[in-house]
Amino acid sequence: MTAKEILQDILQGALKKANKKLAVSPFPPLNFEIPKSEAHGDYATNIALTLAPKLKQPPRDIATVIVDSIEDQSSVIDTVSIAGPGFINFAFKDSFWCGRLREVHRMGDAFGQINLGSGQKTQVEFVSANPTGPLHIGHGRGAVLGDALANILRFSGYEVSKEYYLNDVGNQMNTLGRSVFYRYKELLHQPVDFPDDYYQGEYIYDIARRALALYGDTYLNADEEVSIPVFGDYAQKEILAGIKKDLADFAIRFDTWFREKTLVETGIVDSTIADLRKNNYIYEKDGALWFAATRFEDEKDRVVVRQNGQKTYFASDIAYHKNKFTRGFDRLIDIWGADHHGYIPRMKAMVQALGYDPERLRILLVQIVSLSRDGVPISMSTRSGQFVSLREVLNEVGSDASRYFFLMRRPDSPFDFDLELAKKQSDENPVYYVQYAHARLSSILRVAAERGIDISRLDTADLDLLTNPEEISLIRKISHFPDVIESCALFLEPHRITIFLQDLVSSFHRYYHSGKLDADRRVLTDDESLSRARLCLVESLKITIKNSLSLLGVSAPESM
RNA sequence: GCGCCUGUAGCUCAGAUGGAUAGAGCAGCGGACUUCUAAUCCGCAGGCCCCGUGUUCGAAUCACGGCAGGCGCGCCA
């Protein structure tokens with residue numbers, strides 16, 4: 001039970017009792033917020049304010065009735081006050097907070113876990129970049145968001161699966177094969193006319209060189225019908241290996257790599273189309289097959305099979321999402337680049353046509369990352385081959401810093417990533433601020449052990465010795481961690497963790513520094529029981545930071 | 001033209017489903033370590049929350065109308 005839940009229980013009881021007088025039905029939901037100012041207590045509720053219009057009574061009067069009904073049986077509340085227009089502010093006793101600290105310490109790696117999801121099966125599909133070229137920086141943002149979000153949901157009690165959808169069929173695979181084959185011919189000094197709509201990137205030459213080393217000139221004069229697929233398959237394999245390597249170095253692992261090919265080959269795409277056709281959601285017009293998206297919220301009907309008989313990617317998407325549901329996922333989260341936002345209505349329509357509640361599919365858009373170097377914008381396009389790869393960013397900036405950088409921002413907000421700036425500021429990157437705190441905490445524990453203090457069972461320390469306001473304030477902040485996780489999971493916004501971390505860590509650095517000015521305020525003092533109590537706080541801080549960073553996929557170093 | 005996203009300090013961005021005095025980092029200026037890590041801390045300065053109207057006890061947050069930037073609007077992916 002979190003501190004907030006404990007308070008919720010107490011207040012629910014009070015509201016039930018108070019409602020005998022107030023007689024409100026239905027009762028509005030009870031919300032707690034953490035006040036900006038600590039002077040306003042630990043938690044506050046505006047319940048009296050929301051009730052006022054219904055009851056046509058002054059909010060402060062209603063608040064009084066509620067407050068009078070509060071029964072604090074286990075005696076954890078220090079003060080309850082009615083403030084401002086009618087807020088009810090609560091503050092727990094210091095002894096309560098000290099008890100929470102013991103809880104935190106005992107929970108360790110599990111601290112922060114909640115049961116919001118109660119085992120609901122959720123799939124997060126992200127990155128899903130086409131295997132036609134290396135990942136670029138924009139993929140990186142989606143990758144980090146999806147990974148962190150999946151971690152958070154798992155921590156919140158959902159059963160989560162991370163999935164990468166691989167578009168390994170269709171025209172682009174053919175184009176890829178051609179692109180590599182042409183470069184291969186070029187390397188063998190055959191004149192080629194390399195079309196503009198082939199993949200232009202330098203990486204195509206790299207693959208062609210490796211293909212040349214492997215095959216020699218075997219395919220130089222072979223029939224293109226034979227050679228193109230060979231080069232296509234080879235290129236795809238190479239590129240996919242590169243993508244996997246990039247992701248691995250970015251601390252991202254997928255549970256499932258789902259190939260579009262499996263949908264096509266097992267006939268699921270055809271059978272899904274046939275089913276929808278039976279229900280008249282798909283019809284024929286102008287020699288093509290159309291999905292009747294306008295029967296839902298979309299503005300146009302959408303082609304699923306073209307006049308030339310080729311299926312569109314949307315056809316596969318339908319089959320793929322049906323497949324996801326039949327695999328038993330309660331909830332699907334797709335993460336896309338914002339440039340695909342126009343596809344959302346047809347996706348929602350498709351889910352409905354398949355007979356599922358559209359609410360079960362959430363599509364999160366991550367805004368485009370624009371890149372610049374020394375303030376000069378870099379235009380990017382996979383086709384033209386002009387882009388900054390995720391690999392380059394990883395090599396220049398590093399995984400921890402890049403991940404944290406991405407995760408500090410709301411997915412909705414556009415992000416201008418200046419490579420030179422990111423490098424230049426790498427010393428001052430906020431991620432080091434947080435990691436440094438973790439290293440500092442680790443160092444204190446090391447020194448304590450060196451001085452012969454038993455740090456193995458700090459949860460048995462006499463925590464009532466923690467009486468400095470800064471210490472209680474730190475415990476309070478630590479205790480908010482589960483609330484932060486809850487809001488991240490509810491809003492699907494991992495960046496809230498970085499904001500929490502910044503605040504928590506800043507308080508710790510200040511607390512630590514006060515020990516430099518005043519020896520009595522150091523963690524390690526002459527008084528061993530006091531030291532052990534403070535060490536319990538230190539270790540709990542360390543646990544909280546480590547759990548946070550681990551959800552973000554950022555390392556928590558023992559020393560720096 | 002229509003749709004989606006964004007607009008908050010010089011810069012990069014937070015702001016808890018409408019709450020109390022709008023915050024942080026960077027950049028700028030001035031300070032702080034003999035002892036647990038100075039990748040740290042403290043102070044100063046910096047604001048028409050894009051504009052307007054509305055909704056109500058209360059708006060950076062919600063609604064409507066503008067303005068500016070980004071991205072979409074294919075039988076491409």
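Below, chains carry the letters A, B, ... as their sequence lines are ordered, and counting in each starts from 1.
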Checklist entry - Which is true for A/A519 with a 4.0 Å heavy-atom rule: it touches a base, it touches only sugar-phosphate, or it touches nothing? => result nothing

Next on the checklist: Can you tell me if A/S370 touches the phosphate of B/rG69, counting only side-chain N or O atoms and a distance under 4.0 Å to OP1 or OP2?
Outcome noted: no

Next on the checklist: Categorize A/L524 for me: base, sugar-phosphate, or nothing, with a 4.0 angstrom heavy-atom threshold over every strand shown.
Outcome noted: base

Item to check | Nearest-nucleotide pick for A/K300, side chain only, options being B/rA20, B/rU40, B/rG74 | outcome: B/rG74

Checklist entry - Looking for any heavy atom pair under 4.0 Å, which part of the strands does A/L49 touch: base, sugar-phosphate only, or nothing? => result base

Checklist entry - Could A/E470 and A/R510 be called an ion pair, given the rule that one side-chain N must be under 4.0 Å from one carboxylate O? => result no

Next on the checklist: So, under a plain 3.5 Å distance rule, would you say the side chain of A/N46 forms a donor-acceptor pair with the base of B/rG19?
Outcome noted: yes

Next on the checklist: Under 4.0 Å, heavy atoms only, any strand: does A/F32 hit a base, just the sugar-phosphate, or nothing?
Outcome noted: nothing

Checklist outcome for this item: By nearest-heavy-atom nucleotide on RNA chain B, the more 5' of A/L445 and A/R510 is A/L445

Item to check | Cation-aromatic face contact A/R346/A/Y343, 6.0 Å, 45 degrees | outcome: yes

Checklist entry - Within the structure, does a side-chain N or O atom of A/R306 lie under 4.0 Å from either OP1 or OP2 of B/rC76? => result yes

Checklist entry - When you measure from the side chain of A/H509, which nucleotide among B/rA14, B/rU40, B/rC71 comes out closest? => result B/rU40

Next on the checklist: Can you tell me if A/H340 is stacked onto the base of B/rA77, using a 5.5 Å centroid cut-off and an angle below 30°?
Outcome noted: yes

Next on the checklist: Assess, by modelled atom type and distance only, whether the side chains of A/Y313 and A/N130 contain a donor and an acceptor separated by less than 3.5 Å.
Outcome noted: no

Next on the checklist: Just by distance, no angles: are the side chains of A/Q172 and A/N167 close enough, under 3.5 Å, to form a donor-acceptor pair?
Outcome noted: no

Checklist outcome for this item: A/Y432 has its side chain closest, among B/rA77, B/rA32, B/rA39, to B/rA39

Next on the checklist: For a quick check, tell me whether the side chain of A/N89 and the base of B/rA20 share a donor-acceptor pair closer than 3.5 Å.
Outcome noted: yes

Item to check | B/rG3 base / A/H341 side chain donor-acceptor hit below 3.5 Å | outcome: yes

Checklist entry - For B/rC76, does either OP1 or OP2 sit under 4.0 Å from a side-chain N or O belonging to A/Y343? => result no

Item to check | Side-chain N,O (A/S443) to OP1/OP2 (B/rU37) below 4.0 Å | outcome: yes

Checklist entry - Heavy atoms under 4.0 Å, any strand shown: does A/E558 hit a base, just sugar-phosphate, or nothing? => result base

Item to check | Distance in angstrom units between A/Y511 OH and B/rC36 C1', rounded | outcome: 11 Å

Next on the checklist: The side chain of A/A44 is closest to which nucleotide in this list: B/rA32, B/rU37, B/rA20?
Outcome noted: B/rA20

Next on the checklist: Less than 4.0 angstrom from a charged side-chain N to a carboxylate O is my criterion; do A/E486 and A/R496 meet it?
Outcome noted: no

Next on the checklist: So, OP1 or OP2 of B/rA39: does either fall under 4.0 Å of a side-chain N or O from A/Y436?
Outcome noted: yes

Next on the checklist: What's A/S559 touching, base or sugar-phosphate or nothing? Going by heavy atoms closer than 4.0 Å.
Outcome noted: base

Item to check | Presence of A/R521 side-chain N/O under 4.0 Å of B/rC36 phosphate oxygens OP1/OP2 | outcome: no

Item to check | Strand partner of B/rA24, provided both Watson-Crick or wobble distances fall under 3.5 Å | outcome: B/rU12

Checklist outcome for this item: Scanning all shown strands, the Watson-Crick or wobble mate of B/rU34 with both distances under 3.5 Å is none

Checklist entry - Would you call the rings of A/F481 and A/F155 parallel, tilted or perpendicular if under 30° counts as parallel and over 60° as perpendicular? => result tilted

Next on the checklist: Between P on B/rA22 and CG on A/D503, what's the gap in Å once rounded to a whole number?
Outcome noted: 18 Å

Checklist entry - So does A/R410 get a side-chain nitrogen or oxygen closer than 4.0 Å to the phosphate oxygens (OP1/OP2) of B/rA14? => result yes

Next on the checklist: Side chain of A/R451 only, heavy atoms from C-beta on: which candidate in B/rA16, B/rA14, B/rU35 is closest?
Outcome noted: B/rU35

Item to check | cation_pi(A/R409, A/F415) dist<6.0 Å, angle<=45 | outcome: yes

Checklist entry - Reckon A/R302 touches a base, only the sugar-phosphate, or nothing at all at heavy-atom distances under 4.0 Å? => result nothing

Checklist entry - Which part of the nucleic acid does A/V447 contact within heavy-atom distance under 4.0 Å: base, sugar-phosphate only, or nothing? => result sugar-phosphate

Next on the checklist: What I want to check is whether the side chains of A/S316 and A/E260 have a donor and an acceptor closer together than 3.5 Å.
Outcome noted: yes

Checklist outcome for this item: Any strand, both distances under 3.5 Å, Watson-Crick or G-U wobble: B/rG52 pairs with B/rC64

Item to check | Pairwise 5' ranking along RNA chain B for A/P85 and A/L365, keeping only the more 5' one | outcome: A/L365

Next on the checklist: Students often get this wrong, so: under 4.0 angstrom with heavy atoms, is A/A83 touching a base, only sugar-phosphate, or nothing?
Outcome noted: base

Checklist entry - Taking only N and O in the side chain of A/K516, is any of them less than 4.0 Å away from OP1 or OP2 of B/rU34? => result no

Item to check | Listed nucleotide nearest any side-chain atom of A/I34, set B/rA16, B/rA32, B/rC75 | outcome: B/rA16

Checklist entry - Counting any heavy atom closer than 4.0 Å, what does A/H495 reach on the DNA or RNA strands: base, sugar-phosphate only, or nothing? => result sugar-phosphate

Checklist entry - Is the ring centre of A/Y313 under 5.5 Å from the base ring centre of B/rA77, and are the two planes under 30° apart, so that they stack? => result no

